[in-house]
Peer 1: 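Starting off with a structure, shown below.
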Amino acid sequence: MTALFDLTGKTALVTGSSGGLGLAMARGLAEAGAEVILHGRHQAKLDQAVGELRAAGLAADSAAFDVTSEASIEAAFAAFDEAQCHIDILVNNAGMQWRQPMTELALEDWQKVIDTNLTSAFLMGKQAARRMIARGDGGKIVNIGSLTSQVARATVAPYTAAKGGIRLLTCSMAAEWAPHGIQANAIGPGYMLTEMTQPLADDPEFDGWVRKRSPAGRWGTPEDLAGTVVYLASPASSYVNGQIIYVDGGMLAVL
Ligand code: GCO
């Protein structure tokens, strides 16, 4: 590994990382040298994921809290402060899906998706950036968007609105925090095989559409994100700010 991509001595917090894309990204960051803090809501699931990473010789710990609650986030950061744990790299990955036509969609369900996928990134970024700014040695924020940061698909309006929001929230973070040596960028994963997309992959018609529609001819795997998250968390991207990189097998590039 070259020094450009070396994360030795850095601490990375990845929200929503007891499984799926979050855990694969955390593993990638840990393999690049970072100490990772896995995050989720269920301690038992987190313990298992931490165990997996440690068994592979990687430095991992965990924190359970609710990213939709500002009080819960504040308490988590207060505990990091107490333990003298400085977050150098924040990956805002926690998210959820809710598929329903808009004419049927309840405000409550819209709000839950917006809170989980978009407001959480603002609240987490706020706490992380305050501390990065106070310490004065910069930092990295990677927000997880989607193909729906750019284009829509019927039945997932709140997710699409939240992921579109992630794209410009990332620009706002860059605008306000770049002067402090913080780079905020986003990743837009394409159709990746995870628990969240399993219902889509199980539908032969949708599965066929993804394979035909993607120049790569396949679904992505969580591991496909590792290289991009390491790049955006490392000195290799020190003059890259406010960008979104789509990791989608070429899907957005073609009609
Ligand atoms: C779904 C959505 C999402 C996005 C994905 C691709 O129904 O779950 O379509 O999976 O399309 O984030 O970027």
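First listed ligand is number 1; within each ligand, the first listed atom is number 1.
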Peer 1: For residues 101-113, which residue pairs pass the side chain to side chain donor-acceptor pair (under 3.5 Å) check, not counting sequence neighbours?
Peer 2: Gln111-Asp115
Peer 1: Residue by residue, ordered by chain and number, which ones reach under 4.0 Å of ligand 1 with a heavy atom?
Peer 2: Gln97, Arg99, Ser146, Leu147, Arg153, Val156, Tyr159, Pro189, Gly190, Tyr191, Met196, Thr197, Leu200
Peer 1: Name all residues meeting the salt bridge (Lys or Arg N to Asp or Glu O under 4.0 Å) criterion together with Arg211; count only those two or more places apart in sequence or in a different chain, and write none if there are none.
Peer 2: Asp207
Peer 1: Hey, which of Leu38, Leu29, Val142 is the one that makes side chain to side chain contact (heavy atoms under 4.5 Å, CB included) with Val14?
Peer 2: Leu29
Peer 1: Which residue pairs satisfy the ring-ring contact (aromatic ring centres under 6.0 Å, His included) criterion with at least one member in residues 26-77, sequence neighbours excluded?
Peer 2: His39-Phe65, Phe77-Phe80
Peer 1: Check the orientation of Phe5 and Tyr231. Use parallel for under 30°, tilted for 30 to 60°, and perpendicular for over 60°.
Peer 2: tilted
Peer 1: Do Leu200 and Trp219 have side-chain heavy atoms sitting under 4.5 Å apart?
Peer 2: yes
